[in-house]
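Heavy atoms only: backbone and side chains are in, while hydrogens, waters and symmetry mates are out. Numbering of residues begins at 1 and proceeds along the displayed sequence.
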Amino acid sequence: MDHMPERFVLCLSVLLCALASVGCDDPAPPEVATRSVAVEAETVQGDPTEFCDTVSSAADAPEFTLPEMASPLVGTPTGWRWVNVWATWCAPCVQEMPTLETWTNDLDMELQLLSADATGEAVERFRARHDAFPATGRMAQADALPAWLTSLGLDEHAALPVHLLVDPSGKLRCARSGAVGEDDKPHIQALISSL
């Protein structure tokens with residue numbers, strides 16, 4: 001017998017149709033988080049200190065210390081400063097840079113960039129292609145980043161970008177991992193005023 005009986009084929013077809021329709025009303029599978037999703041901006045509601053992963057009062061704030069540097073941070077701030085830890089390979093870091101420049105000008109803060117790139121050549125190539133990108137300092141050793149993040153009160157695996165708000169006396173008042181969004185500016189302004 002080279003051919004299946006028609007009745008068997010019909011039954012098999014009905015069974016396959018029934019099985020195919022079994023999950024049709026089920027919700028779609030949950031989305032899998034990716035690195036870029038993990039660092040997207042979150043909108044902060046309520047207390048402006050919720051913007052920060054760690055926040056300190058003036059009395060309790062630690063001195064802000066940098067890791068060993070291959071090239072120094074640019075600028076000599078006398079007031080509040082926003083230290084942004086970024087890398088050329090970090091798309092959210094690069095995307096938010098114009099926003100950070102605008103905000104720090106509006107908030108009368110100095111923006112200082114700290115690259116976590118492994119080599120100075122990577123930063124130089126990036127800046128050659130993006131001539132409007134601000135000057136940046138760079139860590140001497142990219143593999144020192146986890147231990148330094150821990151010293152700031154963040155998780156050693158905190159995702160870039162990392163935002164550090166340092167007060168005029170050089171104390172770290174706020175540390176945050178992850179990109180900022182447009183809705184964060186008023187919270188940062190309130191935060192600086194309240195700290």
*N/O donor-acceptor pair under 3.5 Å between T88 side chain and F126 backbone*: no
_Salt bridge check, D106 against K185: does any charged N sit closer than 4.0 Å to a carboxylate O?_
yes
*Any sub-3.5 Å donor-acceptor pair from E156's side-chain atoms to A147's backbone N or O?*
no
*Cut-off 3.5 Å, side chains only: do T65 and W148 have a donor facing an acceptor?*
no
_Separation of D167 CG from C174 SG (nearest 0.5 Å)_ = 11.5 Å
*Please name the pair of heavy atoms, one in L152 and one in T54, separated by the smallest distance, quoted to 0.1 Å.*
O-OG1, 3.7 Å
*Short question: side chain of D117, backbone of T119 - any donor-acceptor pair under 3.5 Å?*
no
*Stepwise side chain to side chain contact (heavy atoms under 4.5 Å, CB included) test for F133 and M97*: CA-CA 8 Å; F133 202 84; M97 198 57 63; 3.6 Å; yes
_Could you tell me if the side chain of V55 sits less than 4.5 Å from the side chain of E50, heavy atoms only?_
no
*Answer yes or no: is there a side-chain heavy-atom contact under 4.5 Å between L145 and M139?*
yes
*Student check: side-chain heavy atoms of W82 and V166 closer than 4.5 Å*: no
*asked:* Quick check against the 3.5 Å criterion: does S115 have a side-chain atom that pairs as donor or acceptor with the backbone of A87?
replied: no
*When you check the gap from the basic side-chain N to the acidic O, do D53 and R176 get nearer than 4.0 Å?*
no
_Atom pair CG/CG of N84 and L114 - distance to nearest 0.5 Å_ = 8.5 Å
*asked:* If we ignore hydrogens and angles and just use 3.5 Å, is the side chain of S71 paired with the main-chain N or O of G137 as donor and acceptor?
replied: no
*Side-chain contact, heavy-atom cut-off 4.5 Å: W86 with T136?*
yes
*Do side-chain atoms of R173 reach the backbone of S56 as a donor and acceptor pair under 3.5 angstrom?*
yes
_Interatomic spacing from CD in E182 to CD in E96 - rounded to 0.5 Å_ = 10.5 Å
*Donor-acceptor pair, R81 side chain versus G170 backbone, under 3.5 Å?*
no
*When you measure from the side chain of D184 to the backbone N and O of V180, does any donor-acceptor pair fall under 3.5 Å?*
no
_Walk me through whether V162 and L149 qualify under side chain to side chain contact (heavy atoms under 4.5 Å, CB included)._
CA-CA 9 Å; V162 169; L149 291 174; 3.9 Å; yes
*asked:* For a quick test of reading the model, state the closest non-hydrogen atom pair linking D183 to H187 and the distance between them.
replied: O-CD2, 3.1 Å
*Indicate the atoms forming the closest heavy-atom contact of A142 with A118, along with that distance.*
CB-CA, 3.9 Å
_Atom CD of E63: over 12 foreign heavy atoms under 6.0 Å_ = yes
_Stepwise side chain to side chain contact (heavy atoms under 4.5 Å, CB included) check, L111 with W103_ = CA-CA 9 Å; L111 177 62; W103 286 4; over 6 Å; no
*Would a 4.5 Å heavy-atom cut-off, applied to side chains only, mark L107 and W80 as touching?*
no
_With a 4.5 Å cut-off on side-chain heavy atoms, are P77 and Q112 touching?_
yes
*Answer yes or no: is there a side-chain heavy-atom contact under 4.5 Å between L154 and T150?*
no
*Is V123 linked to V85 within one hydrophobic cluster, defined over Ile, Leu, Val, Met, Phe, Trp and Tyr using a side-chain heavy-atom separation of less than 4.5 Å?*
no
*Indicate whether the side chain of S57 and that of D60 have a donor and an acceptor atom separated by less than 3.5 Å.*
yes
*Check whether V83 and V74 end up in the same hydrophobic cluster, where Ile, Leu, Val, Met, Phe, Trp and Tyr are linked by side-chain heavy atoms less than 4.5 Å apart.*
no
*asked:* Contact between R138 and M69 at the side-chain level, heavy atoms closer than 4.5 Å - yes or no?
replied: no
*asked:* In terms of relative ring orientation, are F51 and H163 parallel, tilted or perpendicular, with 30° and 60° separating the classes?
replied: tilted
*With distance as the sole test, does D131 use its side chain to make a donor-acceptor pair with the main-chain N or O of A128 at under 3.5 Å?*
no
